[in-house]
Structures are given as C-alpha cells and as structure tokens.
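So the structure is just underneath, and the comments pick up after that.
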Amino acid sequence: MFKKVILLINFTFLFSQVDTLLVVDASNYNDWVYFSLETLTVINVSNPASSLDWDLAFQRKHIKTNSGLSGIGEAGAAVDSTITWIENWDNITEIPENSEWLVDTTLNDFYDPITHTFGEGVKNPALNAWGWFNEEYQFNPTHYSFFVKLSNGVDVVKFWPYGYYNQNGQGGHIQFRVETGYNLDSEGCDGLLGDINYDGFINVVDVVNLVSIILNNNNLDNDCNADYNEDGNVNVVDVVSIVSYILQ
C-alpha cells in the first residue's frame with residue numbers, strides 16, 4: 001500500500017542546497033516504505049533488491065539504505081555520536097573527512113507484535129543509532145550527526161531523524177530533516193567521478209572512453225575520475241557502476 005509523505009518546505013533540485021523537513025508514515029510492522037532522496041518523495045518500488053530508484057526505506061524505527069544486503073546501490077550512512085544536530089546543524093557544512101560509511105547488514109532487534117519477540121532483519125547499523133526505547137517503551141531520538149549516501153554512491157545528504165510519533169501519539173511516523181547538495185567527489189579530481197572526458201557530464205561517452213582505456217591497458221589507477229567506485233583500481237567494475245548511474 002502506498003504511504004503518504006508530507007513536505008513541509010518546498011524545494012527545487014537535488015544538487016542545490018536544499019534544507020527541508022519531511023514526515024513518512026512507516027507505522028506498519030511488515031511493510032517497508034521506500035524513499036528517494038533525489039526527489040524527496042515516497043516511491044513505489046516493485047523489486048527493491050534490484051532497483052536504484054530508492055535511497056532510504058523506513059519500517060517503524062528501522063531505516064535501510066540501498067546498500068549491502070538491502071540492494072544493489074552504493075548507498076550507506078555515517079554517524080558521529082559525539083555531535084548532535086541540535087547544536088551543530090547549521091555549523092557543519094562539509095562531510096567529515098573521517099566518516100565511516102556503513103552498509104546494510106543483519107541486526108536482531110525487529111519486534112514481532114504477535115509473538116512479542118525480537119528477530120532478525122536487515123537495515124543500516126549507522127542509522128540504527130538514531131534512537132532508543134526507554135523502560136516505558138517510549139522512543140527517544142539521539143539527534144546524532146548523520147550523513148547518508150544516495151544509491152549512486154556519490155551524492156550525499158545531511159540527515160536528521162528527530163521524531164517518531166504523530167500528533168495522536170502513534171509510533172512509526174518518522175519526522176526528519178534533510179539538507180542536500182553534498183557529494184563525495186575526491187579533492188584531487190578536476191571534475192566529477194565518472195566524467196572520463198572532463199566535459200562536466202557523466203554519460204555514454206564516458207563509458208565508451210573508459211572501456212577503450214581498459215582494453216588498451218592504459219594505466220589510470222591514479223585517475224580519481226575513472227575510479228568511480230573509489231577502490232584504488234580502474235576496471236570493469238567502474239564501467240558497470242557508471243552504466244548503473246546513467247540508467248537511473
């Protein structure tokens with residue numbers, strides 16, 4: 001069933017600096033609600049495991065990214081538990097250099113309301129630190145500093161999940177703040193990751209150029225624009241990653 005999302009502040013484009021507040025109804029214990037950080041809307045995804053259309057997914061207090069065991073994307077999340085967004089949202093304007101990007105994995109805190117037991121589920125371990133339940137079973141956000149990568153592995157947003165309850169006190173209604181306009185382009189690059197010909201665009205021309213370079217055994221291991229997945233090597237994995245980005 002399609003869930004609703006409420007935009008509290010209008011926006012224009014992802015790559016501009018957009019600061020907005022949103023609410024997602026993720027109160028169902030079984031269904032995940034998929035969200036695009038590119039359009040800042042809830043979306044329908046027929047096959048999340050093989051789709052690059054979504055970046056985040058919500059189910060009650062659980063949050064997934066399109067990465068690891070959740071999807072084919074290059075998303076992920078980083079958390080700094082020594083800093084809270086309450087005091088530093090306006091002060092932090094760059095992605096921290098020491099960010100540790102975590103991908104989705106199996107955790108054991110998925111509550112079953114029928115059996116009243118906890119079981120396994122897949123979600124992002126960094127984003128799992130966004131809140132906790134006290135002895136009265138009330139959810140308490142931590143307001144830690146989070147950054148989230150989109151499924152393309154390049155674009156990044158500041159992410160502040162700050163609320164869990166709606167006005168009627170029902171849980172699973174996630175309120176969060178997002179600021180767009182960040183990316184993980186390497187400092188030594190003259191252009192975008194994947195922009196092989198340095199024309200300011202990532203398209204099929206770059207794919208053709210990269211394939212030609214690899215087939216001719218040219219050494220571009222030190223070219224950060226060609227090393228799209230930033231693993232220190234330029235190879236067919238970078239070609240596949242660029243093609244996936246273009247096809248989004």
Open item on the list: Tell me every residue that passes ring pair (Phe, Tyr, Trp, His ring centres under 6.0 Å) with F146, counting only those two or more places apart in sequence or in another chain.
Closed with: none

- [ ] With sequence neighbours left out, write down each residue that passes side-chain contact (heavy atoms from CB on, under 4.5 Å) with I246, or none if nothing qualifies.
- [x] I202, V207, I242

Open item on the list: Just to verify, what does V103 make a side-chain contact (heavy atoms from CB on, under 4.5 Å) with, not counting sequence neighbours?
Closed with: S67

Non-neighbouring partners of [X] that pass side-chain hydrogen bond (donor to acceptor under 3.5 Å, both in side chains), sequence neighbours left out:
| X | answer |
| --- | --- |
| N166 | Q170, H173 |
| K61 | D109 |
| Y165 | none |
| N66 | none |

Task: Side-chain cluster (under 4.5 Å, hydrophobic types only) that F118 belongs to, other residues - done: Y29, Y111

TODO: Sequence neighbours left out, what pairs pass side-chain hydrogen bond (donor to acceptor under 3.5 Å, both in side chains) with at least one residue falling in residues 135-147?
DONE: H143-W160

Task: Pairs flagged by salt bridge (charged side-chain N to carboxylate O under 4.0 Å, His left out) wherever residues 78-89 is involved - sequence neighbours left out - done: none

Task: Listed partners of R177 passing salt bridge (Lys or Arg N to Asp or Glu O under 4.0 Å), at least two apart - done: D19

Open item on the list: List the residues meeting salt bridge (Lys or Arg N to Asp or Glu O under 4.0 Å) with D112, not counting sequence neighbours, and say none if there are none.
Closed with: none

- [ ] Please report the C-alpha distance between S241 and D238 in whole Å, then the side-chain angles of each, then the deciding distance to 0.1 Å, and finally whether the side-chain hydrogen bond (donor to acceptor under 3.5 Å, both in side chains) criterion is met.
- [x] CA-CA 5 Å; S241 299; D238 299 294; 5.6 Å; no

Open item on the list: Please tell me whether N124 and D104 have a donor and an acceptor in their side chains that are separated by less than 3.5 angstrom.
Closed with: yes

